[in-house]
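Working notes, beginning with the structure itself.
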Amino acid sequence: MNIENATVLVTGANRGLGLAFTRELLARGARKVYAGARDPASITQPGVVPLRLDVTNPDDVAAAAKLASDVTLVINNAGIAQAGGFLAPDSEDVTRRIFETNFFAMLRMSKAFAPILKSNGGGALLNVLSVVSWVSGAMAAYSASKSAAWSLTNALRLELAAQKTQVLALHMGFVDTDLARGFDAPKSSAEEIVRRALDGLESGQDEVLADERTLQVKQGLTAARPVYLPQIS
Ligand SMILES: NC(=O)c1ccc[n+]([C@@H]2O[C@H](COP(=O)([O-])OP(=O)(O)OC[C@H]3O[C@@H](n4cnc5c(N)ncnc54)[C@H](OP(=O)(O)O)[C@@H]3O)[C@@H](O)[C@H]2O)c1
């Protein structure tokens, strides 16, 4: 889809990748950008329409769908992460909390906006996932939520094909935002990831692997010893 003249809603648009999305969308000539945030006062980017949108709150999602009925592109970007393994004492609570934002809210938003995208000609859905959709690590529940969100994205692509909605999955490793602050590892800039995501969207892609590590991991899924199996000597 073309960004120029698109009407876009970005969730978690007050900082990090969400803020970078709003800036790049405006630079590419989007007609209108709704910037969703739990606290609309935290939206500082000029030129956007701030929208109160806690994606875990069904009332907020319903109100956003009513107000932003002209949307042609939804970017499900809001997400949370927490380090820790599944054997930690609090892992069930942590997993539920992370799934509420990273999986169920993506499902709720997609259901709320699917009819809107249809009535506006099809449009597109861009779901922000991660390389950890395919490999687990220091953030077990977060990885599981992204695997589930990847499956959700694949299912939505099938279900939305009839109404000609493009569904793009964005996968990447570390990005230099608050979410990855505690990790001492190479990081992409949010601006670079967003440019690649929107280039992919505009060229009709279903999937964008936005950095070298993600390309390597994806290739490693079909290796004799797949990348998600640990090397135990
Ligand atoms: N950074 C990375 O290394 C990395 C790598 C791969 C994928 N990702 C994914 O990229 C997306 C954006 O993350 P980021 O790196 O930009 O992280 P970030 O800087 O921590 O920003 C997260 C954003 O999500 C919002 N958010 C969290 N819970 C929300 C809720 N219930 N309702 C609405 N907004 C909510 C936050 O709003 P508040 O300001 O209100 O908290 C914030 O705007 C996430 O889906 C993340 O999983 C990030």
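Ligands are counted one by one from 1 in listed order, and the atoms in each one are counted from 1 as well. Position 1 is the first residue of the sequence, and the numbers go up from there. Quick note: numbers below take in every heavy atom, side chains included, and nothing from hydrogens, waters or symmetry partners.
- Here Met172 has heavy atoms under 4.0 Å from ligand 1 in both its backbone and its side chain.
- Close contacts of ligand 1 with Leu129, meaning ligand atoms under 4.0 Å from a residue heavy atom, involve 6 (C), 7 (C).
- Looking at atom 25 (C) of ligand 1, its nearest protein heavy atom turns out to be Gly12 CA, 3.8 Å.
- Those atoms of ligand 1 with a heavy atom of Gly16 less than 4.0 angstrom away are 16 (O), 19 (O).
- For the ligand labelled ligand 1, residue Lys187 lies outside the 4.0 Å heavy-atom shell.
- Residues Leu170 and Met172 have side chains in contact (heavy-atom distance under 4.5 Å, counting atoms from C-beta outward).
- In this structure, atom 17 (O) of ligand 1 lies nearest to the protein heavy atom Leu179 CB, 3.3 Å.
- Between Val208 and Leu126 the shortest side-chain heavy-atom distance does not fall below 4.5 Å.
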Derivation and outcome, side chain to side chain contact (heavy atoms under 4.5 Å, CB included), residues Leu221 and Val227: CA-CA 6 Å; Leu221 293 174; Val227 69; 4.0 Å; yes
Please step through side chain to side chain contact (heavy atoms under 4.5 Å, CB included) for the pair Lys146 and Trp150, ending with a clear verdict. CA-CA 6 Å; Lys146 293 295 184 182; Trp150 176 53; over 6 Å; no
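- Annotation: Val175 places an N or O atom under 3.5 Å from an N or O atom of ligand 1; distance criterion only.
- Residue-to-ligand polar distances keep Ala13 apart from ligand 1: every N/O pair is separated by 3.5 Å or more.
- The shortest side-chain heavy-atom distance between Val61 and Leu53 falls under the 4.5 Å cut-off.
- More than 12 heavy atoms of other shown residues, nucleotides or ligands fall within 6.0 angstrom of atom CD in Gln163.
- Under a 4.0 Å criterion applied to the non-hydrogen atoms of Asp178, ligand 1 contributes the atoms 19 (O).
- Distance from atom 20 (O) of ligand 1 to its nearest protein heavy atom, with residue and atom name: Arg15 NH1, 3.3 Å.
- Closest heavy-atom approach to atom 35 (C) of ligand 1 within the set Ala78, Ala81, Ala210, Ala149: this belongs to Ala78.
- For ligand 1, the atoms closer than 4.0 angstrom to any heavy atom of Leu53 are 32 (N), 33 (C).
- Under the 4.5 Å side-chain criterion, counting only non-hydrogen atoms from C-beta, Met106 is not in contact with Leu156.
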Apply the test salt bridge (Lys or Arg N to Asp or Glu O under 4.0 Å) to residues Arg195 and Glu192: give CA-CA distance (whole Å), side-chain angles for both, the deciding distance (0.1 Å), then the verdict. CA-CA 5 Å; Arg195 274 196 296 275; Glu192 182 61 29; 2.8 Å; yes
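- When hydrogens are left out, the protein atom nearest atom 31 (N) of ligand 1 is Asp54 OD1, 2.9 Å; that is the closest non-hydrogen contact.
- Proximity to Ser130 (heavy-atom distance under 4.0 Å) selects the following atoms of ligand 1: 6 (C), 7 (C).
- If you check each of Ile193, Val132, Val128, Asp211 against atom 9 (C) of ligand 1, the one with the closest non-hydrogen atom is Val128.
- The environment of CG in Leu87 is sparse: at most 12 heavy-atom neighbours from other residues, nucleotides or ligands sit within 6.0 Å.
- Between Leu17 and ligand 1, an N or O atom pair is found at a separation short of 3.5 Å.
- Counting heavy atoms under 4.0 Å from ligand 1, residue Tyr142 touches it through the side chain alone.
- The protein atom (non-hydrogen) at minimum distance from atom 12 (C) of ligand 1 is Asn77 OD1, 3.2 Å.
- With distances taken over non-hydrogen atoms, the option nearest atom 43 (O) of ligand 1 out of Asn14, Val55, Thr11 is Asn14.
- Looking at heavy atoms from C-beta onward, Arg28 lies in side-chain contact with Asp199 at the 4.5 angstrom threshold.
- Across Thr7, Thr11, Val10, a single residue satisfies side chain to side chain contact (heavy atoms under 4.5 Å, CB included) together with Tyr34, and that is Thr7.
- Side-chain heavy atoms closer than 4.5 Å link hydrophobic residues (I, L, V, M, F, W, Y) into clusters, and following such links, possibly through other members, connects Tyr228 to Val131.
- A heavy-atom distance below 4.5 Å is not found between the side chains of Ser42 and Arg15.
- Against a heavy-atom cut-off of under 4.0 Å, Phe174 is close to the following atoms of ligand 1: 3 (O).
- Less than 4.0 angstrom separates some heavy atom of Ile80 from each of these atoms of ligand 1: 27 (C), 28 (N).
- For the ligand labelled ligand 1, residue Asn102 lies outside the 4.0 Å heavy-atom shell.
- The atoms of ligand 1 that sit less than 4.0 Å from any heavy atom of Gly79 are 22 (C), 24 (O), 27 (C), 44 (C), 45 (O).
- Among the atoms of Thr177, some N or O lies under 3.5 angstrom from an N or O of ligand 1.
- The residue from Arg38, Arg181, His171 that puts a heavy atom closest to atom 40 (O) of ligand 1 is Arg38.
- Counting heavy atoms from C-beta on, the side chains of Leu168 and Gln205 come closer than 4.5 Å.
- Ring geometry for His171 against Trp134 counts as parallel: the plane angle stays under 30°, on a 0 to 90° scale with 60° as the upper cut.
- Among the atoms of Gly18, none of the N or O lies under 3.5 angstrom from an N or O of ligand 1.
- A side chain to side chain contact (heavy atoms under 4.5 Å, CB included) with Leu26 holds for exactly one of Val48, Val8, Ile3; it is Val48.
- For the pair Thr56 and ligand 1, a heavy-atom separation below 4.0 Å is found.
- Note on ligand 1: Gly173 sits in its first shell, one or more heavy atoms being nearer than 4.0 Å.
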